[in-house]
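Structure first, then comments.
We're numbering straight along the sequence, starting at 1. Values below: all heavy atoms of this structure, side chains included; hydrogens, waters and symmetry mates excluded.
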Amino acid sequence: MKIEQIKVTDLIPYEYNTKAHPKKQVEKIARSIEEFGFTTPIVADENNIIVAGHGRLLAARMLGLKTVPVVRVQGLTDAQIRAYRIADNKVAESDWLKSNLEKEIIELMEQIDIEKTGFDVGELDGLIAQNKKGNILDDEIPEIAEQKVKTGDIWKIGKHRLICGDNTDKKNYIKLMNGNKCNLLFTSPPYWVGKSYEKQKNEKEINEFIISCVIAFIEYV
């Protein structure tokens, strides 16, 4: 098999290509090429018309590549070439082997940006379940070690932080925000739901409580 380096500007997309290539997909192909190189040549006919690899050509253009590796089809009729364009995409369709995918993704997440596999992080939600010890089956309830939580404890959840503490205490916000500011504040009035206002708080005390919550937080928004 001979691989040629052909100018990107010389390659011609097939007029009736049957596979859509949305921008998001092309961006994924481009990231793959950046990370792993152009490992799969484009297939073209003798007239430089693309037989397979329209997405790779679009990604090459996005990356500003001057040339790309190309393999020429040989010995096929026009009808066979047209059929191959469809088959190239169709025969690759299949389900994932979920247990193997879980294992690979879980191990790779500690070593590489997982989006370089072509998966968005959001796509993996619901597709796999994981913990530090290994895989969890869909209906399996994992064993959770006893947690001893005390006031002031902070958990890091991805890019987020969660603190155990009094939300009217300014010190908790200082510790939680750690010098940063948040972009959005959620509140959920009415407060003291399920309690008798008359027995628990008079109207003035309730208002003061609500205002103290908002003021304590708003300084860090």
Side-chain angles (χ1 to χ4, degrees), residues 1-45 47-73 81-136 138 156-161 180-184:
M1 180 185 295
K2 181 181 179 181
I3 299 177
E4 307 174 46
Q5 286 292 327
I6 304 296
K7 291 182 180 179
V8 170
T9 53
D10 288 344
L11 291 170
I12 306 167
Y14 179 57
E15 182 179 4
Y16 301 108
N17 180 41
T18 56
K19 191 70 172 180
H21 294 289
K23 182 180 179 182
K24 186 175 181 179
Q25 184 208 33
V26 175
E27 289 173 345
K28 288 183 178 182
I29 297 172
R31 287 200 300 268
S32 177
I33 292 173
E34 283 184 312
E35 178 69 18
F36 310 115
F38 216 113
T39 57
T40 306
I42 291 173
V43 181
D45 66 14
N47 297 313
N48 283 348
I49 298 176
I50 301 294
V51 176
H54 287 83
R56 295 192 290 280
L57 176 61
L58 292 171
R61 290 175 176 175
M62 181 179 288
L63 292 171
L65 301 182
K66 301 300 182 182
T67 64
V68 292
V70 174
V71 172
R72 304 283 185 182
V73 292
I81 290 174
R82 290 166 63 189
Y84 176 70
R85 285 193 180 95
I86 299 172
D88 180 63
N89 292 296
K90 182 61 179 175
V91 299
E93 295 178 351
S94 66
D95 294 330
W96 292 98
L97 295 175
K98 189 174 178 182
S99 60
N100 290 348
L101 178 62
E102 286 180 334
K103 178 180 181 298
E104 290 293 287
I105 291 295
I106 290 170
E107 292 180 2
L108 285 172
M109 287 180 80
E110 302 296 326
Q111 306 173 46
I112 194 171
D113 178 359
I114 205 62
E115 292 193 354
K116 290 179 180 178
T117 64
F119 279 100
D120 293 332
V121 173
E123 289 180 288
L124 294 172
D125 292 343
L127 181 62
I128 64 170
Q130 70 173 84
N131 64 9
K132 293 182 179 179
K133 295 182 179 179
N135 297 346
I136 302 174
D138 288 343
K156 291 184 179 180
I157 310 171
K159 296 180 180 179
H160 307 286
R161 289 162 60 89
N180 297 305
K181 290 188 176 183
C182 63
N183 298 318
L184 189 63

Rounded at 0.5 Å granularity, tell me how far CZ in R72 sits from CG in N47.
8.5 Å

Using side-chain heavy atoms (C-beta onward) and a distance below 4.5 Å, is V70 in contact with I3?
no

Less than 4.5 Å apart, any side-chain heavy atom of L11 and any of I42?
yes

Roughly how far apart are E27 CD and I29 CD1, rounded to 0.5 Å?
10.5 Å

For residues 57-65, run the donor-acceptor check on the side chains, cut-off 3.5 Å, and write out each pair with its distance to 0.1 Å, sequence neighbours left out.
none

Might you point out which heavy atoms bring D45 and V51 nearest each other, and give the distance in Å?
N-CG2, 3.7 Å

For Y16, does the OH atom have more than 12 heavy-atom neighbours from other residues, nucleotides or ligands under 6.0 Å away?
no

Do E4 and P69 have side chains that get closer than 4.5 Å, going by heavy atoms?
no

I'd like to know if the side chain of K28 and the backbone of G118 have a donor-acceptor N/O pair within less than 3.5 Å.
yes

Interatomic distance, L101 atom CG to D95 atom CG [nearest 0.5 angstrom]
11.5 Å

Distance from I86 atom CD1 to N17 atom CG, nearest 0.5 Å?
9.5 Å

Do R82 and Y14 have side-chain heavy atoms sitting under 4.5 Å apart?
yes

In short, V71 meets P41 closest at the heavy-atom pair CG2-CB, 3.8 Å

Taking side chain as C-beta onward, heavy atoms only, is T67 less than 4.5 Å from I6?
no

Look only at the side chain of R56 and the backbone of A30, and say whether a donor-acceptor pair between them is shorter than 3.5 Å.
no

Starting at NE2 of H54, measure out to CG of N89 and round the result to the nearest 0.5 Å.
9.5 Å

